[in-house]
S.K.: 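Before I ask anything, here is the structure I am working with.
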Number of protein chains: 4
Amino acid sequence: MNFDDKVPIYYQIENYIYHEIITGTLKPGEKLPSVRQLAVDVTANVNTVQRALSEMIAAEMIESKRGRGNFVTMDTTKIDQLKVKLVTTQLERVYEQLHALNLSDEEIVTSLQHYIQQRGQAK
Amino acid sequence: MNFDDKVPIYYQIENYIYHEIITGTLKPGEKLPSVRQLAVDVTANVNTVQRALSEMIAAEMIESKRGRGNFVTMDTTKIDQLKVKLVTTQLERVYEQLHALNLSDEEIVTSLQHYIQQRGQAK
Amino acid sequence: MNFDDKVPIYYQIENYIYHEIITGTLKPGEKLPSVRQLAVDVTANVNTVQRALSEMIAAEMIESKRGRGNFVTMDTTKIDQLKVKLVTTQLERVYEQLHALNLSDEEIVTSLQHYIQQRGQAK
Amino acid sequence: MNFDDKVPIYYQIENYIYHEIITGTLKPGEKLPSVRQLAVDVTANVNTVQRALSEMIAAEMIESKRGRGNFVTMDTTKIDQLKVKLVTTQLERVYEQLHALNLSDEEIVTSLQHYIQQRGQAK
DNA sequence: GTGGTCTAGACCACA
DNA sequence: GTGGTCTAGACCACA
């Protein structure tokens, strides 16, 4: 994992795991790698990983079972809601930023289309 | 100004001023408000504002004239490049994030369109 | 059994068994279920149950007979003392906590009465 | 502060500060002692204090202002709700425990009254 | 000075 | 082995 350095690492780890849950790399009910393994995977400290997990446990996206490990929630509704929330957050962000740069609604959409097109050709 | 608290404040101030330059609220060659005034405007500490300015000066978007204040660059090409850069950064960001959430190129565009539509109705 | 997760599980198991002894579910001199059975009953690990038993044996509330199992003490005085101790501990706890929240002696009693009343109606 | 050793220290610190808020030792809007000072006061590590505060911030009972300190919420409704919640939790706890020891509703109340009476005489 | 984040390392509870 | 808590110490962002 590459760290951004502008936002806290625990926050990035959180997002990283949320992505894995949403994309199904981590399935509902599946056991997460151990805290120590995750720390190695993302090259961060165990405590930092622990902090990320704590927040996800508080949000009930992950369930912790003493001595056995951490597990992805079985509640697929929760997972769906999470996806919607993450997507909306992203869209809101671009929209507001580009709008603040004086792009009209249409320009925002077309600039995105151009970006994607350009990106496709770059391959 | 509302701070996000996950990213450094000086970074947010920087973005804020860049927006003003790009949208023309601050014109090429125009004098910026004093550091003290800016600090009041964005409700941050003078030191924090100073740090944001330093970075913009290093990027040559702002020119500091001793004893007279800070001025927006006269070089409009620089400003245009900045706009392109900011827009592209934003687009890249959403694209990658949504792509990582398994949305296809088409879904990314349509979800943005839906978002804008929905937002329009909310007014 | 539902675990609280803020206090050690062995400690909760201990309390649970003490309750059974005091309420007479487990009679003086009666044989306890096997450690393995208890572990299943309270959905905990055998080691954890064993630890709870060890403390109760040390407190002489339970007697361990090699190869035959664990037995509730025959000493009914001990059991009575235990009950008094548990009750007093509980009362002490609420009293001190509510007192620390600035409730007067009267308020503590009336708030308890209200609580019980309310609970009765909830049925 | 005396630690109980059965529940996490950060949890006890949390309760301790909540008590101070409810009893008015810490007034709405008032600045808390610095994290470092609190650590000395309760003889715990800065990180442990920080963890307690994090939970209270998440619960919006405390507001953190960068570089300036932590402040008790101005929202007195929140404080009132907290008090009710803490009191109810305590009452629920004794009630259930004593009930589990086969005390009737009446016995629970009278045993509390006796306890208080006895305590008064002990002075 | 004040809070926020991170690390390394230790020790405990539980399976 | 696995998670949870705690400490000491360091460094950064902000006022």
S.K.: For the helix from E/dG1-F/dC14 to E/dC14-F/dG1, what angle separates the axis at the start from the axis at the finish, each from five pairs, in steps of 10°?
M.R.: 10°
S.K.: Looking at D/Thr48, I'd like to know whether one of its side-chain N or O atoms comes within less than 4.0 Å of OP1 or OP2 on F/dT7.
M.R.: yes
S.K.: Whole angstroms only, please: what is the CD1-P distance between A/Ile13 and E/dC6?
M.R.: 8 Å
S.K.: Taking only side-chain N and O atoms of D/Tyr10, does any of them lie within less than 4.0 angstrom of OP1 or OP2 on F/dC6?
M.R.: no
S.K.: Hey, which of D/His99, D/Glu92, D/Arg93 is the one that makes side-chain contact (heavy atoms from CB on, under 4.5 Å) with D/Glu96?
M.R.: D/Glu92
S.K.: Within this structure, what is the CD-CG distance for the pair A/Gln50 and A/Leu38, rounded to the nearest 0.5 Å?
M.R.: 10.0 Å
S.K.: Expressed as a whole number of angstroms, how long is the span from A/Gln50:CD to E/dA10:P?
M.R.: 18 Å
S.K.: On a plain distance test, is the side chain of A/Asn47 in donor-acceptor contact with the base of E/dG9 below 3.5 Å?
M.R.: yes
S.K.: Would you mind reading off the distance between D/Lys6 atom NZ and F/dC6 atom C1', rounded to a whole angstrom?
M.R.: 17 Å
S.K.: Round to the nearest Å and state the distance from C/Gln12 atom CD to E/dA13 atom P.
M.R.: 13 Å
S.K.: Within the distance-only criterion (no hydrogens, no angle test), does the side chain of B/Glu30 pair as donor or acceptor with the backbone N or O of B/Lys27 below 3.5 angstrom?
M.R.: yes
S.K.: For D/Lys31 and F/dA15, give me the distance from atom NZ to atom C1', rounded to whole Å.
M.R.: 12 Å
S.K.: If you pin A/Thr43 and D/Leu32 to their nearest nucleotides in DNA chain E, which one's is more 5'?
M.R.: D/Leu32
S.K.: Let me confirm one number: the CG-CG distance from A/Leu91 to B/Leu98, rounded to the nearest 0.5 Å.
M.R.: 5.5 Å
S.K.: How many angstroms lie between CD in D/Gln81 and OG1 in D/Thr76, if you round to the nearest 0.5 Å?
M.R.: 10.0 Å
S.K.: Applying a 4.0 Å non-hydrogen cut-off, can you work out what D/Arg36 is touching in the nucleic acid: base, sugar-phosphate, or nothing?
M.R.: base
S.K.: Looking at OG1 of C/Thr43 and CD1 of C/Ile13, how far apart are the two atoms once the value is rounded to the nearest 0.5 Å?
M.R.: 8.5 Å
S.K.: From C-beta outward on C/Asn45, which listed nucleotide comes closest to its side chain: F/dA15, E/dA15, F/dC6?
M.R.: E/dA15
S.K.: I need the residues from residues 52-70 of chain A with at least one non-hydrogen atom less than 4.0 Å from DNA chain E; give them sorted by number, or say none.
M.R.: A/Arg66, A/Gly67, A/Arg68
S.K.: Any idea which of E/dC14, F/dC14, E/dT5 is nearest the B/Ile9 side chain?
M.R.: F/dC14
S.K.: OP1, OP2 of E/dC6 versus side-chain N and O of A/Arg51: anything below 4.0 Å?
M.R.: no
S.K.: When the distance from CD of D/Glu14 to P of F/dT5 is rounded to whole Å, what number comes out?
M.R.: 12 Å
S.K.: For A/Val46 and C/Pro8, take the nucleotide of DNA chain E holding the closest heavy atom to each; which residue's nucleotide lies nearer the 5' end?
M.R.: A/Val46
S.K.: Once you round to the nearest 0.5 Å, how far does NE2 of B/His19 lie from CG of A/Asn102?
M.R.: 9.5 Å
S.K.: CE of B/Met56 to CG of B/Leu32: how many Å apart, nearest 0.5 Å?
M.R.: 7.0 Å
S.K.: Using a 6.0 Å cut-off, check whether atom NZ of C/Lys85 has over 12 heavy atoms from anything other than its own residue.
M.R.: no
